[in-house]
Protein chains: 2
Amino acid sequence: MRKIAESTVRRLSLYLRLLEEFEEQGAETVSSEALASRGGTTSAQVRKDLSFFGSFGKRGLGYSVGELVRRLREILGLGRTYRVAMIGAGKIGSALVQYRGFRQRGFEVVSIFDVDPAKIGRSWNGLTVQSVVSLEGELRAHPVEIAVIVTPADAAQALTGRCVALGVKAILNFAPVQLTVPDEVVVKTVNLALELETLSYALTNR
Amino acid sequence: MRKIAESTVRRLSLYLRLLEEFEEQGAETVSSEALASRGGTTSAQVRKDLSFFGSFGKRGLGYSVGELVRRLREILGLGRTYRVAMIGAGKIGSALVQYRGFRQRGFEVVSIFDVDPAKIGRSWNGLTVQSVVSLEGELRAHPVEIAVIVTPADAAQALTGRCVALGVKAILNFAPVQLTVPDEVVVKTVNLALELETLSYALTNR
DNA sequence: GGGCTTTTGTGAAAGATTTCACAAATCTAG
DNA sequence: CTAGATTTGTGAAATCTTTCACAAAAGCCC
Ligand SMILES: NC(=O)c1ccc[n+]([C@@H]2O[C@H](COP(=O)([O-])OP(=O)(O)OC[C@H]3O[C@@H](n4cnc5c(N)ncnc54)[C@H](O)[C@@H]3O)[C@@H](O)[C@H]2O)c1
Ligand SMILES: NC(=O)c1ccc[n+]([C@@H]2O[C@H](COP(=O)([O-])OP(=O)(O)OC[C@H]3O[C@@H](n4cnc5c(N)ncnc54)[C@H](O)[C@@H]3O)[C@@H](O)[C@H]2O)c1
C-alpha cells in the first residue's frame, strides 16, 4: 500500500466519528462539505483523503453514510478487536481501564500489571491487577497486540523491551520518554504536559 | 512574530525535556546532534527549529545546556505559572488533578467543578470539588487562563462557551468532540481513541 | 599564530501536504 | 429526453516542512 500521511489517517479517524454522529441523526448521505464543516477542515481535503483509498461517493449526491462508515472501519483496521495489556495500575491506568470508549471501538483490555503490592490483587471492571513479575507468563498464555505504558518514566523503556520480546506489536505510551523499539513495532507517545506547553506557546505569542 | 509551525513548537517542548535530562546528568553543553539522537530527529532539524528564534549556540562547541533551557522556557511562555480550572471530576479529571508533572511545569489547578452531587464537596490535593453551578461566580472571583474539559462529550460545548464568556483564553479538551470557539481562544483536543486507531491502522497496513 | 577539527546557522533543494479548479457523473424537474 | 443544479474525483499549483550542504565561527594544539 502506498504511503499515507499520518495527518490523513488521523482525519479518517475523525471522519469516522463524525459519520457515526450523522448516522445516529438518521442521515442517509453526507457531502464532503458537510463532513468538512463539522470536522473543521475543507471539502477538498476530505475528498483527497478518501481518494487515496478508492472512490466511495456518488457525484451530485455525496457519500452513503452507512457505506462510508463500513469502508473507514475497514481501512483503519477496526473490523476486529484488539487485545490490550495495561502496564501500570496508577491514576491514568485506572482511568483508561474503566473507559468504555475503548472497548466500544474494539480495544479490549485483557490484563493489568503493577509492581506495587498495594495494587496487586485489586479488581477493576472484573479484571485483577497482576504482579508485573508474571508479565512473561501471562502474556505468553494470553498474548496481546497492544500494550499501554502508564508507569513512571524511568520504568517505561525496560517494560517496553519486555513487551516487545513477548510479541507486542504496538505500544501506546503515556510516560514522558522517547521509547526505542525495533522497526516492526509501532509506538505512539501521548505527552500531556507537551499539549499544555503548546497552549502556553500560543497564549504567549499572539 | 513570524508564523511558526505547530510541529516546530512540539519539538521545542521535546528539546526542553531532553535538555533538562542532560542538565540533571551534569552536562554543560550539548550539540544539535546529541539532542537529535535522543529526540529521534535530525541535527539539521534541531538547528532549523532553534534558528527561527535566534542563534543560541557556539560554533564548534554546541549549546550551553543552562542557557538553552532558559531560552526555550521563555520562547514557550513557561516563565510564569498558569491558573487552570478542571471542568469534570471524573476518572480522567481526577488523574490530571493529582498529576505532579503539570504543577512542576507551571500549570496550577486552582478549581474543580462537577454536576454530580456525589462528587461535589470531595477534596483532592487540598482542592474541593465545586458545583458547576458556581462556575461563573468562582471564575469571576478567581480567574483562570486555561480550562481543561473532562466531562462527557455532550456537555463539552456548552461548558466551553461558559468558560470563554468568563475570559478563559485556552482550552485543553479530552471529550471526543470538535469544539467551536472564537478566534482569540486556543483549543487543543486530545482524543485518546484516535491515538489507538492510528495504531490500528499501522498494524493493519504493513 | 596557523592549521586542524568540530559544529553552528542558513540559503537552496527536495519532498510532503494542502488547496485550487474543473471535467465528469449523477440527480431533479419539467 | 434535455437543461440545470450538485457534488465527486483528481491533476496541477501553491504552500509548507524537512533535508542538504557548506561557509563561517570557535576551540584546540603545537
Ligand atoms: N496522571 C496524569 O494525569 C498524567 C498526565 C501525563 C502523564 N502522565 C504519565 O503517565 C504515567 C503514569 O502516571 P500516573 O499518574 O498514573 O502515575 P501513578 O504513580 O499513579 O501510577 C504509576 C503506576 O505504575 C506502577 N509501576 C511503577 N513501576 C512499575 C513497573 N516497573 N512495572 C509495573 N508497574 C509499575 C506504580 O506502582 C503505579 O501504580 C507517568 O509516566 C506520568 O508521567 C500522567
Ligand atoms: N477515562 C478515559 O480513559 C478517557 C479516555 C479518553 C477520553 N475520555 C473522555 O474524557 C471525558 C471524561 O471521561 P471520564 O472517563 O473522566 O468520565 P467520567 O464519567 O468518569 O467523568 C466525567 C465527569 O463529568 C461530570 N459532568 C457531567 N456533566 C457535567 C457538567 N455539565 N458540568 C460539570 N461536570 C459534568 C460527571 O459528573 C463526571 O464526574 C469524556 O468525554 C471521555 O469521553 C476519557
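Chain letters run A, B, ... following the sequence lines, proteins first, then strands; residues in each count from 1.
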message: Expressed as a whole number of angstroms, how long is the span from A:Arg47:CZ to D:dT6:P?
response: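 The distance from CZ of A:Arg47 to P of D:dT6 comes to 15 Å, rounded to the nearest Å.
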Let me check something: any side-chain donor-acceptor pairs from residues 157-175 of chain B under 3.5 Å, sequence neighbours excluded? List them with distances.
| residue | atom | partner | partner atom | Å |
| --- | --- | --- | --- | --- |
| B:Gln157 | OE1 | B:Thr180 | N | 2.8 |
| B:Gln157 | NE2 | B:Thr180 | O | 3.0 |
| B:Thr160 | OG1 | B:Ala156 | O | 2.8 |
| B:Arg162 | NE | B:Glu136 | OE2 | 3.0 |
| B:Arg162 | NH2 | B:Val132 | O | 2.9 |
| B:Arg162 | NH2 | B:Glu136 | OE1 | 3.0 |
| B:Asn173 | OD1 | B:Ala175 | N | 2.9 |
| B:Asn173 | ND2 | B:Ala175 | O | 3.0 |
| B:Asn173 | ND2 | B:Val177 | O | 3.2 |
| B:Asn173 | ND2 | B:Thr189 | OG1 | 3.1 |

task: Go through residues 59-67 of chain B and report each residue with a non-hydrogen atom lying under 4.0 Å from DNA chain C, sorted by number.
output: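 Going residue by residue through residues 59-67 of chain B, the ones with a heavy atom under 4.0 Å of DNA chain C turn out to be B:Arg59, B:Gly60, B:Leu61, B:Gly62, B:Tyr63.
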- prompt: Heavy-atom distance under 4.5 Å between the side chains of B:Leu18 and B:Glu21, does that happen here?
  reply: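 In contact.
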Counterpart residues, side chain to side chain donor-acceptor pair (under 3.5 Å), relative to B:Gln25 (two or more places apart):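 Counting only residues at least two positions away or on another chain, B:Gln25 forms a side chain to side chain donor-acceptor pair (under 3.5 Å) with B:Arg38.
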Which residues share a side chain to side chain donor-acceptor pair (under 3.5 Å) with B:Gln45, sequence neighbours left out: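 Side chain to side chain donor-acceptor pair (under 3.5 Å) list for B:Gln45, sorted by chain: B:Asp49.
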- request: Give me the residues of residues 6-35 of chain A where at least one heavy atom lies under 4.0 Å from an atom of DNA chain C, by number, or none.
  value: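 Of all residues in residues 6-35 of chain A, the ones placing a heavy atom under 4.0 Å from DNA chain C are A:Ser7, A:Arg11.
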field: Spacing of B:Phe56 atom CZ relative to D:dA25 atom P, expressed in whole Å
entry: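 Value for this atom pair: 19 Å.
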message: If you assign each of A:Ala5 and A:Lys58 to its closest nucleotide in DNA chain C, which residue comes earlier from the 5' end?
response: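 Mapping each residue to its closest nucleotide by heavy atoms, the 5'-most match is A:Ala5.
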field: Contact boundaries on DNA chain C for chain B, cut-off under 4.0 Å to non-hydrogen atoms
entry: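 Listing 5' to 3', DNA chain C meets chain B from C:dT6 to C:dA12.
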task: Could you pull out all residues at least two apart from B:Lys58 that satisfy side chain to side chain donor-acceptor pair (under 3.5 Å)?
output: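 For B:Lys58, no residue satisfies side chain to side chain donor-acceptor pair (under 3.5 Å) once neighbours in sequence are set aside.
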message: Enumerate the ring pair (Phe, Tyr, Trp, His ring centres under 6.0 Å) contacts for residues 59-98 of chain A, please, sequence neighbours excluded, ordered by first and then second residue.
response: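 Residue pairs passing ring pair (Phe, Tyr, Trp, His ring centres under 6.0 Å), neighbours aside: A:Tyr82-A:Phe107.
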message: Considering only residues two or more places apart or on different chains, which pairs with a residue in residues 95-112 of chain A satisfy side-chain hydrogen bond (donor to acceptor under 3.5 Å, both in side chains)?
response: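 Every side-chain hydrogen bond (donor to acceptor under 3.5 Å, both in side chains) pair that includes a residue of residues 95-112 of chain A, provided the two are not neighbours, is A:Glu20-A:Arg105, A:Arg105-B:Glu197.
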Report, one line per pair, each donor and acceptor closer than 3.5 Å where one atom sits in a side chain of residues 140-150 of chain B; sequence neighbours left out.
| residue | atom | partner | partner atom | Å |
| --- | --- | --- | --- | --- |
| B:Glu145 | OE1 | B:Arg80 | NH2 | 3.3 |
| B:Glu145 | OE1 | B:Arg83 | N | 2.8 |

Set of residues satisfying side chain to side chain donor-acceptor pair (under 3.5 Å) with respect to B:Arg10, sequence neighbours excluded: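 Listed in chain order: A:Glu195.
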field: Whole angstrom value for the distance that separates P of D:dT15 from CD of A:Gln45
entry: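 It works out to 16 Å between those atoms.
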Those residues that, when tested against B:Phe22, pass ring-ring contact (aromatic ring centres under 6.0 Å, His included) (two or more places apart):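 For B:Phe22 there are no ring-ring contact (aromatic ring centres under 6.0 Å, His included) partners, ignoring immediate neighbours.
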